[in-house]
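Some notes on the structure that comes next.
Convention: sequence-line order gives letters A, B, ...; per-chain numbering from 1. When reading the values below, keep in mind they use all heavy atoms of this one structure, side chains included, and skip hydrogens, waters and symmetry mates. Nothing here was measured: the structure is a model prediction, and the numbers come from that model.
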Protein chains: 2
Amino acid sequence: MSEARLVGMPPRSSAQAVYAQIADDLRSQIDDGRLAPGEQLPTEQALSDKFDVTRTTVRQALTLLKNEGLVVPSRPRGYFVRKVQRSIFRPQAEFRPRPSSPEMDQWMEEQAQEGRVPSQTITVEIVTPPPVVASRLKLQEGELAVVRRRVRYLDGEPFNLNDSYFPLGLVNNSEIVTPHDIQRGANEVLSELGARQVRAIDEIEVRMPSPVESDRLELGPGVPVAVLRSTGYTKDGQPVRSVVTILPGTRHVIMFERDRPVDSGR
Amino acid sequence: MSEARLVGMPPRSSAQAVYAQIADDLRSQIDDGRLAPGEQLPTEQALSDKFDVTRTTVRQALTLLKNEGLVVPSRPRGYFVRKVQRSIFRPQAEFRPRPSSPEMDQWMEEQAQEGRVPSQTITVEIVTPPPVVASRLKLQEGELAVVRRRVRYLDGEPFNLNDSYFPLGLVNNSEIVTPHDIQRGANEVLSELGARQVRAIDEIEVRMPSPVESDRLELGPGVPVAVLRSTGYTKDGQPVRSVVTILPGTRHVIMFERDRPVDSGR
DNA sequence: GAGTGGTCTAGACCACGGG
DNA sequence: CCGTGGTCTAGACCACTCC
């Protein structure tokens, strides 16, 4: 660790870049708990001294760990091991009983039961839906949709983004276009419109967030998101709702329950 | 873009770091298709000239885009816009009919129908299961499990990692401990052992891969993974199987289909 | 061989927030 | 105020692969 090293000569004999070795060292400390969640790492300067390399090289190592989601820089205090707490997210809300409190929707009630403090903002817009949504709702080019946009918070922090699209022709003049929580549940309203949802298809895609999403959800580096697209259908197979939810990886576990279909017992 | 700039003075008046501006410029070109998937970006040198900054600064911008999963460096050819193709992954295989070809399991048959070339390796071990798995299977400390590890490939590239754990006490001496595909399906074997699976709970977690996973799956930078944990139960609620699947975000869409439970029509 | 990205050094100035 | 991480410069040598 103290041998003379020529300038700009990276992998040397050891086959591993120096910054990768430093990252490995720190990562193993995190993995086995010698550095616990929330604990502070040595400063860049300290690591630079310890490994006898430039701060630039140390920063390369830390950037790696940052992008692996293991550490979080908190300026100007230092780097800390990331603390992760995930809440359970169940996409099957529309098929479960409505909450007892009229102020709350399904999601809020479940979170409150876990002792968290949920809140949300709702805005409603009439828009040309993005292509994926239009396709799921089988809308023609140019057809409009109503979108109910929710930003949900837990203990004051943004938690997920939830946009529900409905065909404008279906829900116009109904309660769905009002920017408030629908206490009976959107499915009751759909039902009265003769378009009760009885089936859904969920698609989950995993990727890094766009800068916009990262900003809105206050995501640090190294935090991927799940994109959950739920499309709801009537018993005749007509799509009536398309929900896009952006879920930060550090804050959610998505949970499904499945039963064997009745006809496939064999 | 050509004004004199003092050394080491980053955000200036513009509130945005230079490397972030360069990243924004490239990102917007990617977003609106001026740089199409698979297309090559300007070289570091070219960008360095164009924006009149050091190569180091250009690299900071490119590192950002790399970690957002937008570009992939291919040495020594240059940087390219990432091409993404996702296949559909359905976790409900055990409740669907078995494949017609005895050589293939559910997953392989579905992929073959899409015109892809699937293959897989299977190894079987008897292990002390990881804590999460032990907890799902309700195993006591020290109890062993049989794990069937699959690595699945599509068109020769690693596609996902799939580890199925069974309580050793349940499946010992059965076909499940042999390192071959079980043509009838594992659930048929469980059925003969008096432990037919009729229900499952799926949990999906999203995070960046560990270096080991990244290596095994040949993931580039900026590729998150989904961890799908499926736990199977008998009609008496006894857990009989716990499956852990690691799915690279760039290669999968996870899909579920849901019907309204029979008793909640109201 | 030429040109690419990968690694590393040695230095500088800056913004920011906790003590 | 001081120490932290954030940004940037100006250089160097390397490994790799395509031509």
*Provide, to the nearest angstrom, the distance between the CD atom belonging to Gln45(A) and the C1' atom belonging to dA12(C).*
14 Å

*Tell me yes or no: between the side chains of Arg150(B) and Gln120(B), is some donor less than 3.5 Å from an acceptor?*
yes

*asked:* Between the base of dA10(D) and the side chain of Arg55(B), is one N or O donor paired with an acceptor at under 3.5 angstrom?
replied: no

_I need the CZ-P distance between Arg59(B) and dC8(C), as an integer number of Å._
11 Å

_Gln21(B) side chain to Asp25(B) side chain, donor-acceptor N/O pair below 3.5 angstrom_ = no

*Between Leu47(A) (CG) and dC8(C) (C1'), how many Å, whole number?*
16 Å

_Measure CG/Leu64(A) against P/dG6(C) and give the value in whole Å, please._
13 Å

*Starting at CZ of Arg75(A) and ending at C1' of dG6(D), how long is that distance when rounded to a whole Å?*
5 Å

*How would you label the contact of Thr54(A) with the nucleic acid (heavy atoms, under 4.0 Å): base, sugar-phosphate, or nothing?*
base

*Counting just side-chain N and O atoms, does Tyr79(B) come under 4.0 Å of either OP1 or OP2 of dG6(C)?*
yes

_Gap between atoms CD and C1', on Gln16(A) and dC14(D) respectively (whole Å)_ = 16 Å

_Please find the pair of heavy atoms, one from Asp24(B) and one from Gln16(B), that lie closest to each other, and give the distance._
OD2-NE2, 2.9 Å

*Can a donor-acceptor pair be found between the side chains of Asn162(B) and Thr245(B) at a distance below 3.5 Å?*
yes

*Atom CG of Leu41(A) and atom P of dG5(D): how far apart are they, to the nearest Å?*
9 Å

*Starting from the 5' end of DNA chain C, give me the residue, Ala20(A) or Glu44(B), whose nearest nucleotide shows up first.*
Glu44(B)

_Classify Thr56(B) by what it touches in the nucleic acid, base, sugar-phosphate, or nothing, heavy-atom distance under 4.0 Å._
base

